[in-house]
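Positions are given from 1, in the same order as the sequence printed here.
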Amino acid sequence: MIRKLIGCIREYRKPTLLAPFFVTLEVIMEVIIPIMMAKLIDDGIDGGDFHALITVGAALVVMVIMSMLFGILAGKFAAVASAGFAKNLRHDMFHKVQTYSFHNIDRFSASSIVTRMTTDVQTVQNAFQMLVRIALRTPTMLVFSLVMAFLVNSRLALIFLGILPVLALGIFLIMSKAHPIFKRVFRTYDKLNNVVQENLHGIRVVKSYVREEHEKEKFGSISGDIYNDFVKVEKRLNLAFPLMQFCMYSCIILISWIGARLIVGSEMTTGELMSMFTYAMQILMSLMMLSMVFVMIIMSRASAERITEILDEESDLHSPEKNAVTEVPEGSVEFDNVSFSYSGKADRCCLKNVTLKIPSGATVGVLGGTGSAKSTLVQLIPRLYDVTSGSVKVGGIDVRDYDLEALRHQVAMVLQKNVLFSGTIKENLRWGNENATDEELVHACKLACADDFINSFPDKYDTYIEQGGTNVSGGQKQRLCIARAILKKPKVLILDDSTSAVDTATDAMIRKAFLEEIPGTTKIIIAQRISSIQEADFIIVLDNGVVTGTGTHEELLENNDIYREVYEAQQKGSVPQ
């Protein structure tokens with residue numbers, strides 16, 4: 001985990017090294033200053049040496065200024081290093097997520113990934129800044145101050161050695177109890193983000209069903225869990241400060257009592273006693289800062305583990321390392337005894353022994369009830385998932401032999417859940433072909449029956465689409481997504497229930513345009529309405545992951561009970577169960 005995170009420092013190695021370098025110089029100045037103060041008191045003030053007073057005083061001013069400069073530089077480089085480290089972390093996580101297959105994404109919820117890229121990265125960034133600055137400063141200050149304290153008076157310095165184990169043991173016990181709570185808190189943050197995202201995305205449904213109070217209760221419950229966990233962890237962490245205070249004042253009392261006796265016995269000067277008080281404060285403050293570092297490390301450890309999970313996750317879909325096929329010759333699709341399971345277990349397949357042959361340029365309909373694995377079937381064609389057994393071929397070549405990008409460029413898919421991104425209509429359409437001309441955009445939209453409603457907008461093709469396409473209707477969104485897919489000029493076009501929100505007349509116009517304008521493209525249409533697929537070259541009927549029939553509309557009406565029941569129910573105007 002540490003090695004993985006260190007690899008994200010990259011171009012920020014220089015400020016990462018300069019920050020502790022200047023911290024060390026700052027600490028050196030700070031531990032020399034008490035000795036110079038002791039000399040100023042003993043020689044300049046008590047000794048009445050005016051020359052020593054001026055000389056040592058000037059040296060002290062220079063040291064203070066240098067300490068301040070070193071501190072400023074250390075802070076500057078630490079800030080640059082930590083901000084750059086966080087930037088690289090977010091970059092690497094985002095780019096890693098882009099390589100995930102659907103199966104990998106299924107392992108992480110969207111809210112969890114967002115939390116990891118925001119809250120967790122911020123926590124690790126803060127810990128990193130502490131590590132390159134305070135984490136080095138505290139042990140350096142502790143060691144140097146102890147050395148100087150022993151040089152001033154070894155008997156008084158033994159007090160620190162007696163107090164340190166007590167303080168270290170107490171801090172260790174406190175911190176060891178905090179880590180499990182922090183791990184639980186960040187998992188709860190995932191749930192909180194999920195509730196917020198669901199509420200914002202579905203705010204229209206929430207309001208239409210008057211479920212605001214229910215949503216408030218959900219949010220309040222999870223927010224309360226976070227509150228309770230933080231209260232528990234803060235109670236434990238707050239014990240560190242009283243323990244620190246106890247150790248600090250114990251040291252000061254012992255140094256005062258023993259030091260006073262040493263001064264009376266002429267074994268110690270007043271300046272040396274004053275320097276011992278300063279070193280006591282430096283040592284104990286170092287330990288206090290060290291405890292803060294431990295707190296941040298405990299917090300960041302849970303976050304670092306969650307970030308590393310994202311970075312370590314490997315996609316289970318890869319292009320062949322050698323001799324990957326980069327051209328799809330034609331649009332034929334073949335399923336050869338295909339079975340598929342989302343869990344990868346052969347006894348839990350949602351597709352079972354599917355064998356199909358779809359010739360290039362054919363129009364194929366897919367019909368089946370909810371949960372019959374229609375979407376699963378077509379998602380295997382662009383290799384969004386890999387088959388559990390059997391093979392899927394496009395253009396006569398196993399999809400696993402293709403370069404993934406080359407395959408997906410030639411297999412356009414309009415998913416069941418239509419997604420538009422914030423930006424203009426033109427920008428959304430050019431997801432299909434970033435180099436498409438305005439004429440090509442208009443032509444694709446005419447095929448998808450989207451041109452008319454686009455031209456009704458004041459800004460036409462420059463109309464801004466809100467995030468998720470919330471400012472267009474469901475049918476308009478579907479037609480824009482179809483146009484975007486057409487712009488890819490694919491060998492295979494898959495429509496996964498992508499005309500469900502358009503009226504039957506528009507649906508018929510879209511199918512007619514497909515037939516006339518892209519006859520060479522293989523068209524696979526998943527639909528709930530038989531009218532959307534009855535003119536297809538042939539229709540596939542799925543039931544519980546099994547192909548129960550294939551044929552034309554007329555053949556299936558005659559030979560397939562499921563198809564006939566659906567057709568008769570729709571003809572009567574009812575919805576089949």
Side-chain angles (χ1 to χ4, degrees), residues 331-335 338 340 349-381 413-418 447-449 474-475 478-479 481-482 485 492-516 518-519 521-577:
S332 65
V333 178
E334 181 180 348
F335 289 79
V338 168
F340 175 76
C349 287
C350 55
L351 274 177
K352 303 160 192 172
N353 307 115
V354 175
T355 298
L356 294 167
K357 287 187 179 181
I358 302 172
S360 181
T363 300
V364 179
V366 182
L367 185 77
T370 302
S372 58
K374 303 184 298 296
S375 295
T376 302
L377 178 77
V378 295
Q379 285 174 357
L380 298 176
I381 299 172
M413 187 169 183
V414 183
L415 296 169
Q416 193 172 27
K417 184 178 180 181
N418 298 288
L447 293 181
C449 296
Q478 285 186 336
R479 282 176 276 174
C481 290
I482 292 171
V492 180
L493 176 62
I494 301 169
L495 303 179
D496 187 356
D497 202 15
S498 302
T499 57
S500 58
V502 302
D503 57 81
T504 53
T506 303
D507 188 12
M509 291 171 63
I510 293 173
R511 285 185 280 111
K512 181 181 178 183
F514 284 172
L515 185 65
E516 295 174 352
I518 50 174
T521 298
T522 303
K523 297 163 283 290
I524 302 174
I525 304 170
I526 295 176
Q528 299 295 335
R529 294 189 300 230
I530 286 182
S531 61
S532 298
I533 56 175
Q534 68 181 36
E535 295 176 4
D537 296 319
F538 68 93
I539 301 165
I540 301 164
V541 181
L542 279 172
D543 182 40
N544 198 27
V546 176
V547 175
T548 62
T550 59
T552 64
H553 172 68
E554 291 76 16
E555 290 171 344
L556 290 172
L557 277 178
E558 185 176 341
N559 302 319
N560 190 277
D561 293 338
I562 295 175
Y563 188 85
R564 186 167 52 253
E565 287 174 10
V566 173
Y567 176 76
E568 290 173 353
Q570 291 185 3
Q571 288 296 102
K572 293 174 183 176
S574 62
V575 179
Q577 299 297 317

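The CG atom of Asp561 sits 4.5 Å away from the CZ atom of Arg564 when rounded to the nearest 0.5 Å. Taken from CD1 in Ile530 to CG in Leu557, the straight-line distance is 7.0 Å, to the nearest 0.5 Å. Here the straight-line distance linking atom CG of Asp496 with atom SG of Cys481 works out to 12.0 Å at 0.5 Å rounding. With values rounded to the nearest 0.5 angstrom, Leu556 atom CG is found 10.0 Å from Glu558 atom CD. Taking OH of Tyr567 as the reference point, atom CG of Asn560 lies at 14.5 Å (rounded to 0.5 Å). From Ile482, atom CD1 reaches atom CG of Leu493 across 8.0 Å, with rounding to the nearest 0.5 Å.
With Ser332 contributing its side chain and Ser360 its backbone, the two residues share no donor-acceptor pair below 3.5 Å. For Thr522 (side chain) and Gly361 (main-chain N/O), a donor-acceptor pair under 3.5 Å exists by modelled atom type. Between the Asp537 side chain and the Thr363 main chain, a donor and an acceptor come within less than 3.5 Å of each other. Side chain of Gln478 to backbone of Val414: no donor-acceptor contact under 3.5 angstrom is found.
For the residue pair Ile510 and Arg479, the shortest heavy atom distance occurs at CD1-CG, 4.2 Å. Residue Met509 comes nearest to Cys449 through the heavy atom pair CB-SG, 3.6 Å, listed as atom of the first residue, atom of the second, then distance. Between Leu447 and Ala513, the shortest heavy-atom distance links the atoms O-CB, 3.5 Å. Of all heavy-atom pairs between Ile539 and Ala536, the closest is CG1-CB, 4.3 Å. The heavy-atom pair separating Phe538 from Lys357 by the smallest distance is CZ-O, 3.6 Å. Closest non-hydrogen pair, Leu367 versus Lys374, comes out as C-CD, 3.8 Å.
Tested against Phe335, the residues Val547, Ile540, Val354 include a single side-chain contact (heavy atoms from CB on, under 4.5 Å) partner, Val354.
Residues Met413 and Ile381 are not in side-chain contact: their nearest non-hydrogen atoms beyond the backbone lie 4.5 Å or more apart. A 4.5 Å side-chain heavy-atom check between Lys352 and Asn544 finds at least one atom pair inside the cut-off.
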